[in-house]
K.L.:
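Structure provided below as structure tokens; questions to follow.
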Amino acid sequence: MGRAGSGPEAGRKTAAAAAVPVAAMSFAWPWQYSFPPFFTLQPNCETRQKQLSAWCALALAYSQRHRLPAMTVREAQDSPLFTNRRLQRKLPLESIQVVLEELRKNGNLEWLDKNKTSFLIMWRRPEEWGKLIYQWVSKNGLTNSVFTLYELTSGDDTENEEFHGLDETMLLRALQALQQEHKAEIITLDDGRGVKFF
């Protein structure tokens with residue numbers, strides 16, 4: 001195993017980071033994103049609720065497309081998600097916080113600190129990820145097997161699975177959900193953490 005930040009892994013991460021703007025252009029933006037008033041939260045309650053629903057759907061789709069689980073509010077504010085450079089419009093910070101709070105109320109976001117400066121966005125909830133992982137384990141006859149967390153999210157066997165590349169924080173929450181259902185147990189291995197499936 002190479003050290004973090006060296007070798008082919010580092011090259012892949014750098015290339016992936018460089019590819020984000022291109023990927024952002026290929027993302028299927030909803031029609032509202034090209035509509036300037038979308039970037040101003042409307043005062044009318046009914047209109048505002050529809051607008052917040054559209055922002056939440058966009059935030060989840062964008063995060064899923066770009067595999068962005070954890071972000072800071074600053075990163076979100078500067079990302080194409082809340083800034084349409086073509087229109088030269090940006091959702092104000094207070095409005096971004098309203099959208100993030102709406103996502104939290106819907107169970108799709110969790111604040112990672114008391115000051116609400118960073119968050120975990122969940123386009124799938126931990127229980128849903130756990131279900132997908134367990135379906136793969138069952139389908140491949142791997143119950144009573146032990147895996148490292150790395151094998152689950154980065155191993156060759158999971159390459160075509162939706163949970164391949166899943167952020168470790170979200171993976172642990174998914175495994176904790178399976179542990180509560182007595183389908184898995186998170187264990188400590190010599191080289192880190194692992195999981196045993198039942």
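By convention here, the first residue in the shown sequence is residue 1.
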K.L.:
Using salt bridge (Lys or Arg N to Asp or Glu O under 4.0 Å) as the criterion, list what pairs up with E94, not counting sequence neighbours.
P.N.:
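Here no residue qualifies.
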K.L.:
Suppose we screen for salt bridge (Lys or Arg N to Asp or Glu O under 4.0 Å). Which residues come up paired with R104, at least two apart in sequence or across chains?
P.N.:
E101
K.L.:
Can you list every salt bridge (charged side-chain N to carboxylate O under 4.0 Å, His left out) pair that touches residues 67-90, not counting sequence neighbours?
P.N.:
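Pairs touching residues 67-90 that pass the test: D78-K90.
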K.L.:
State which residues pass salt bridge (Lys or Arg N to Asp or Glu O under 4.0 Å) with E181; sequence neighbours excluded, sorted by chain then number.
P.N.:
K183
K.L.:
Measure the shortest side-chain to side-chain distance between L152 and E161 over non-hydrogen atoms and say whether it is less than 4.5 angstrom.
P.N.:
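L152 vs E161: side chains apart.
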K.L.:
To check you understand the geometry: which heavy-atom pair defines the closest contact between L87 and P36, and what is its length?
P.N.:
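Where L87 meets P36 most closely, the heavy atoms are CD1-N, 4.0 Å.
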K.L.:
State, to 0.1 Å, how close E102 and L52 come at their nearest heavy-atom pair, and which atoms those are.
P.N.:
OE1-CD1, 4.1 Å
K.L.:
Ignoring hydrogens, what is the shortest heavy-atom contact between L189 and G194? Give both atom names and the distance.
P.N.:
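Smallest heavy-atom distance, with atoms named: CD1-CA, 3.7 Å.
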K.L.:
Sorted by first residue and then second, give each side chain to side chain donor-acceptor pair (under 3.5 Å) pair with at least one member in residues 122-146; sequence neighbours left out.
P.N.:
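Of all non-adjacent pairs touching residues 122-146, those that pass side chain to side chain donor-acceptor pair (under 3.5 Å) are R124-E162.
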K.L.:
Please enumerate all residues that pass side-chain contact (heavy atoms from CB on, under 4.5 Å) together with T169, with sequence neighbours excluded.
P.N.:
L120, D167, R173
K.L.:
Mind checking side-chain hydrogen bond (donor to acceptor under 3.5 Å, both in side chains) for E151 and listing every partner two or more places apart, or none if nothing turns up?
P.N.:
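With sequence neighbours excluded, E151 shows a side-chain hydrogen bond (donor to acceptor under 3.5 Å, both in side chains) to T148, given in chain and number order.
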K.L.:
Counting distance only, does the side-chain N/O of Q179 pair as donor-acceptor with the main-chain N or O of I186 below 3.5 Å?
P.N.:
yes
K.L.:
Considering residues at least two apart in sequence or located in another chain, which fulfil the side-chain contact (heavy atoms from CB on, under 4.5 Å) criterion with L93?
P.N.:
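So L93 forms a side-chain contact (heavy atoms from CB on, under 4.5 Å) with V73, Q77, Q97.
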K.L.:
Please examine the side chains of L58 and F27, heavy atoms only from C-beta on, and report whether any two atoms are closer than 4.5 Å.
P.N.:
yes
K.L.:
Do I133 and L171 have side-chain heavy atoms sitting under 4.5 Å apart?
P.N.:
yes
K.L.:
Not counting sequence neighbours, which residues clear side-chain contact (heavy atoms from CB on, under 4.5 Å) with D113? List them please.
P.N.:
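N115, T117, S118.
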K.L.:
How close do Q51 and L41 get, counting heavy atoms only, and between which atoms?
P.N.:
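In this case the closest contact between Q51 and L41 is OE1-CA, 3.3 Å.
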K.L.:
Taking only residues at least two apart or on different chains, which pairs with a member in residues 36-56 satisfy ring-ring contact (aromatic ring centres under 6.0 Å, His included)?
P.N.:
Y33-F39, F38-W55, F39-W55, W55-F82
K.L.:
Any idea which heavy atoms bring A76 and S79 closest together, and the distance?
P.N.:
O-OG, 2.9 Å
K.L.:
What heavy-atom pair brings H164 and T153 nearest, and what distance separates the two atoms?
P.N.:
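Taking H164 first and T153 second, the nearest heavy atoms are ND1-O, 3.3 Å.
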K.L.:
N44: which residues meet the side-chain contact (heavy atoms from CB on, under 4.5 Å) condition with it, sequence neighbours left out?
P.N.:
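Expected list: E46, T47.
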K.L.:
Not counting sequence neighbours, which residues clear ring-ring contact (aromatic ring centres under 6.0 Å, His included) with F35? List them please.
P.N.:
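With neighbours one apart ignored, the set is W31.
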